[in-house]
Amino acid sequence: MALLDKSVPEQLPPVLDATAEQPPLFDGTTRLYTAYTCPFAQRVWITRNYKGLQDKIHLVPLNLQNRPSWYGEKVYSVNKDPAKKELAEELFSYTDKFNTTVFTSFKGDVAKESGPAFDYLENALHKFDDGPFLLGQFSLVDIAYIPFVERFQIFLSEVFKYDTTAGRPKLAAWIEEMNKIGAYKQTKTDPKQLVEFYKKRILGQ
């Protein structure tokens with residue numbers, strides 16, 4: 001299947017070295033941290049350009065021989081931090097249990113039965129203080145959970161009057177930060193449609 005080239009010319013930003021200041025992490029901008037000389041990074045760069053996403057995904061080129069310290073500490077710390085890597089694996093392995101626990105609670109005592117699942121996320125969010133996400137900084141782990149948390153939060157609140165964030169400040173802050181990410185916001189489901197779908201599918205209403 002042929003691809004449509006939507007690329008447009010752009011002025012490339014300068015390469016950042018160890019003296020460069022860190023770009024804002026939570027300003028709603030999607031950034032592609034890259035290296036102009038890296039062939040692996042070039043793959044992603046080509047895809048971005050071909051889809052015409054230059055205005056939506058900003059390049060942040062780095063000097064690999066003299067990279068800023070904040071990159072390893074704040075942006076890409078998961079592969080350099082054993083504790084974060086371990087938590088990431090734990091969180092990924094828990095996703096099925098999280099979903100099953102909450103879905104099952106719909107036919108029982110939702111507060112009592114689903115509470116431990118949301119407590120699990122609240123506790124995980126307390127483990128790193130370098131950002132509001134599950135591993136501190138935004139990662140694939142957040143992407144793995146947010147579609148389900150989004151639906152559970154809406155459905156439990158609307159149908160059962162259960163606030164999943166009550167007494168869980170970190171979870172509330174996480175959801176708030178997720179809602180600032182454009183890549184996620186444009187994928188959200190209409191709440192009314194979601195509630196009606198779950199009522200019919202799960203509760204038979």
Side-chain angles (χ1 to χ4, degrees), residues 16 20-34 44 48 53 55-60 62 68-99 101-102 111 114-158 162-195:
L16 303 184
E21 294 185 4
Q22 178 183 348
L25 289 177
F26 309 117
D27 63 353
T29 302
T30 301
R31 294 182 172 83
L32 172 59
Y33 291 85
T34 188
V44 185
R48 162 194 176 267
L53 298 174
D55 290 337
K56 295 185 177 181
I57 302 177
H58 296 187
L59 287 179
V60 182
L62 303 174
S69 60
W70 48 255
Y71 177 70
E73 296 168 358
K74 301 293 185 181
V75 179
Y76 196 63
S77 59
V78 64
N79 286 341
K80 299 179 180 298
D81 188 329
K84 288 193 174 184
K85 187 174 182 180
E86 182 179 336
L87 179 59
E89 293 173 353
E90 178 186 324
L91 285 162
F92 278 129
S93 66
Y94 183 73
T95 54
D96 286 343
K97 184 176 181 181
F98 174 80
N99 296 335
T101 299
V102 181
S114 71
F118 294 107
D119 288 341
Y120 177 91
L121 293 185
E122 176 70 15
N123 292 334
L125 286 161
H126 279 269
K127 294 189 177 181
F128 298 105
D129 59 4
D130 60 331
F133 301 102
L134 284 163
L135 299 180
Q137 302 302 306
F138 181 63
S139 71
L140 290 175
V141 178
D142 301 291
I143 295 174
Y145 277 92
I146 192 58
F148 296 96
V149 172
E150 171 194 333
R151 287 159 173 76
F152 294 152
Q153 182 186 28
I154 293 170
F155 188 67
L156 289 172
S157 175
E158 183 69 22
Y162 176 56
D163 182 0
T164 58
T165 62
R168 301 182 181 101
K170 289 284 188 178
L171 183 61
W174 176 73
I175 293 172
E176 182 179 350
E177 291 298 331
M178 288 298 300
N179 282 321
K180 295 178 183 177
I181 298 176
Y184 161 59
K185 285 173 63 177
Q186 60 187 319
T187 69
K188 293 180 69 173
T189 302
D190 177 78
K192 291 183 179 179
Q193 292 183 354
L194 188 152
V195 171

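Note: hydrogens, waters and symmetry copies are ignored here, and every other heavy atom, side chains too, is used.
Taking all atoms of both residues into account, the shortest heavy-atom contact from Pro68 to Leu16 is CD-O, 3.9 Å. The two atoms that bring Thr29 and His58 nearest to each other are CG2-ND1, 3.5 Å, heavy atoms only. The shortest non-hydrogen separation linking Gly136 to Lys84 is CA-NZ, 4.4 Å. Closest of all the heavy-atom pairs between Arg31 and Pro24 is NH1-O, 2.8 Å. The two residues Ile57 and Arg48 come nearest to each other via the heavy atoms O-NE, 2.7 Å. Looking at every heavy atom in both residues, Leu125 comes nearest to Pro132 through CD2-O, 3.6 Å.
Within 6.0 Å of the CG atom in Asp27, the count of heavy atoms belonging to other residues, nucleotides or ligands exceeds 12.
Between the side chain of Asp142 and the backbone N or O of Ser139, at least one donor-acceptor pair lies under 3.5 Å.
Using cut-offs of 30° and 60° for the angle between ring planes, the Phe133 and Phe138 rings count as perpendicular.
The closest side-chain heavy-atom distance from Thr164 to Ser157 is not below 4.5 Å.
No option in Val195, Asp190, Leu194 other than Asp190 meets the side chain to side chain contact (heavy atoms under 4.5 Å, CB included) test with Lys192. Here the options are Phe92, Tyr145, Tyr120, the test is ring-ring contact (aromatic ring centres under 6.0 Å, His included), and the partner is Phe98; only Tyr145 passes.
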